[in-house]
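For clarity, every value in this text was computed on a predicted model and none was experimentally measured. The basis for the numbers below is simple: all heavy atoms, side chains too, and nothing from hydrogens, waters or symmetry mates.
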Amino acid sequence: MWADLARRTNRLVPDASVAAVADALDYLCLAQLYLRDNPLLARPLTPADIKPRPAGHWGVCPPVNRMLAALGPLQAAVPDGYDLHVLHGAGHAGPSALAHAYLTGRLGRAHPGLSQSEAGLRELVSGFPRADIGGEITPMIPDHLHTGGQLGPALAIGQGTVLDAPHRLSVVLIGDGECETGTTAASWLATRALHGTGDHGTVLPVVLLNGLRMGGPSVLSALSRTELTAYFTGLGHRPVYSDGLDTGQLRQALAEALAAAQPLGIPGSSRVLILTLDKGHGAPARLAGTPAVHKTPLLDPAGAGFEVLADWLASYQPAQLLTPEGRPRPHLLAALPLPRPEPGSLPAPRGCVAASARGAAHAAGRPFAQAAPEVLRTRAEQGPFRVFSPDELASNRLDLTDEHGRPAPWAVEVLNEELCHAWAQGYTETGRHALVATYEAFAPITLSLIQQQLKHRSVRRHAGLAPLPSLVYLLTSLGWHNTFTHQNPSLATALLAGGDPTLHVLTPADPARAAAALTFALRKLDRCTIVVAGKHTHLQHPLETVDEELRHGIAIWPHLTHPGPGEPGLILASAGDLPAEALTTLARRLHAERPGLRLRYIHVHDLTALAENGTRPLALDPDAFARHFGTRAPIILATSGHPADIHALLGRRHPGPRLTVLGYRDPGRPVSQEHLRRLCGLDEVGLWKLATTLTDTPKETPVP
């Protein structure tokens with residue numbers, strides 16, 4: 001379909017219109033970088049029209065602009081029911097994205113002050129880089145699924161957008177410097193992991209082979225044409241080349257690439273379009289081919305470089321491209337896509353607590369290896385859903401095979417954490433639900449990608465865009481039952497430090513609660529939920545407080561708590577399955593051997609409930625905090641992660657010396673599991689000694 005559409009638009013839309021759009025985009029990019037007034041050169045340029053401190057990036061704009069112009073007729077002709085997305089690998093293409101959104105009218109719809117008008121054009125040019133939108137690509141610029149603050153994942157994110165979406169084409173613009181990143185390098189080959197996993201759409205990668213990254217020549221540019229062809233062919237992508245200067249040839253190359261492009265997951269070679277345009281094309285000759293073109297090539301545009309800049313701007317003949325009112329002239333319109341309706345919102349989830357509590361009741365008494373996979377199978381039956389895992393499903397006791405041993409078609413394994421995250425990101429950013437399942441120790445590899453997606457989601461909320469499915473990680477194979485090299489609970493630590501209010505770190509006490517946590521996380525929208533659940537958990541706890549744990553993130557367990565009012569003599573609080581097992585054993589022994597000691601037992605199901613009041617949605621208010629943690633009693637809180645997480649969350653309402661936090665401590669060398677628990681104070685002997693030391697005083701409160 002896409003190839004036919006490209007050929008048809010090549011016949012119907014003149015090359016001159018496409019070339020004019022490329023010129024208009026180039027001009028608007030340059031004007032945004034340098035001009036603070038006189039946006040259409042309606043009068044002779046003066047130094048007063050130049051920004052005193054130009055900022056932004058020019059180098060990537062010319063090749064990006066040619067691709068956006070060539071894609072314009074195709075985007076305009078996309079029939080209802082089909083999607084064409086453009087993903088930018090480089091966030092530096094912000095001027096191009098803004099210029100394109102301005103010409104299509106989408107920018108004005110989202111930001112009325114930037115509508116197609118004399119005032120809107122002046123504001124677009126003079127206001128760059130805008131404090132409210134930014135100078136790089138963010139969701140504040142309409143129709144952008146990926147914030148390019150980190151090089152590398154764009155191709156894999158594009159692959160994620162077309163999974164289970166045969167109606168979608170994603171064109172991914174990738175810089176040649178970006179091709180040096182591990183994530184991009186892995187993405188070319190990893191499509192083979194998707195063979196036979198569903199009916200997918202098409203990804204067309206476009207490599208902008210401009211020869212330079214920020215500081216010097218790119219590695220890819222050192223390859224000869226023969227070597228470059230062999231490289232991509234070996235990875236399963238036959239290259240189609242264009243220099244981008246001949247508009248007709250570029251459009252033909254695009255049609256040729258689409259004609260041979262395979263839907264994702266189909267065996268056989270697909271196509272990659274390689275645009276070999278010099279970086280910063282159009283810059284003054286003395287700067288061409290140097291790193292100076294990466295940002296603003298002219299360092300003194302109002303002084304020594306003024307005449308050069310004036311000639312450069314005038315060479316585009318902006319009055320032939322835009323009307324005095326700031327609108328594209330008629331001959332551009334045929335190559336510009338019209339604004340399309342925004343996608344509909346997902347229905348707000350309802351009954352999450354009830355459904356999750358039912359899931360816990362159904363899983364009661366079952367081991368993790370039965371409870372967790374059943375939740376995932378049930379979710380897969382309810383609509384589009386994907387599980388991505390770095391070759392660890394079986395190791396993590398997540399058997400998703402059928403009765404014949406065949407893997408579930410909605411579960412994908414590839415030995416690369418970054419790809420798993422990027423595929424899940426593309427999948428969720430296009431409105432479908434996904435889960436990343438991995439070892440606790442290896443999850444931090446994706447930390448930067450998660451943080452970038454959280455920033456992207458934060459900007460989406462600021463822009464008033466509709467909520468999307470949550471980002472959900474299941475961390476199992478915990479360090480408590482693993483070797484020294486596989487002990488690292490720092491993903492939650494780092495994400496909690498970021499303060500994102502949508503983050504939830506769930507620490508269920510047993511497999512039934514893990515099932516409830518997964519059910520809950522996969523139903524909610526616009527959250528980032530980390531579920532920390534060990535695959536070796538055996539102890540089961542009463543489920544009477546599951547509803548409260550899901551709703552408020554914390555609950556007092558009555559079966560281990562002395563009833564009645566008054567301050568307890570000791571408070572035990574667990575966060576996680578191993579801590580719940582250890583403190584439950586301690587509580588039972590205290591009940592048996594210290595019957596005069598009044599105990600209160602708390603389980604923290606969501607770490608963010610401990611946060612300082614007002615900082616997170618589930619943070620306990622002062623009265624609720626006092627009801628749980630008292631005002632005088634010593635507290636032993638055990639967590640499966642770092643103790644520092646708890647101290648940081650509590651902030652200014654930290655109970656001070658009456659709180660002892662136990663959790664993972666790096667042993668510094670390989671030790672046995674028993675030794676690790678002793679080192680961390682979570683062994684039975686150590687906990688008993690701590691509890692009796694804290695309560696061996698005359699102030700013990702008798703049980704009435």
Over 12 non-hydrogen atoms of neighbours within 6.0 angstrom of CG in Leu299 | no
For Tyr82, does the OH atom have more than 12 heavy-atom neighbours from other residues, nucleotides or ligands under 6.0 Å away?
-> no
Donor + acceptor pair across side chains of [X], [Y] (<3.5 Å):
{"X": "Gln453", "Y": "Glu429", "answer": "yes"}
{"X": "Ser117", "Y": "Glu325", "answer": "no"}
{"X": "Tyr427", "Y": "His433", "answer": "no"}
{"X": "Thr184", "Y": "Ser187", "answer": "no"}
{"X": "Ser170", "Y": "Thr161", "answer": "yes"}
{"X": "Ser96", "Y": "Asn65", "answer": "yes"}
{"X": "His421", "Y": "Thr446", "answer": "no"}

What pairs with Ala76 under side-chain contact (heavy atoms from CB on, under 4.5 Å), at least two apart in sequence or on another chain?
-> Pro337
Could I get the full list of side-chain contact (heavy atoms from CB on, under 4.5 Å) partners for Ala165, not counting sequence neighbours?
-> His167, Arg168, Arg432
Minimum heavy-atom separation for Ala292 to Leu287, with atom names?
-> CB-CD2, 4.2 Å
So which pairs with a foot in residues 23-36 pass salt bridge (Lys or Arg N to Asp or Glu O under 4.0 Å), sequence neighbours left out?
-> Asp26-Arg66
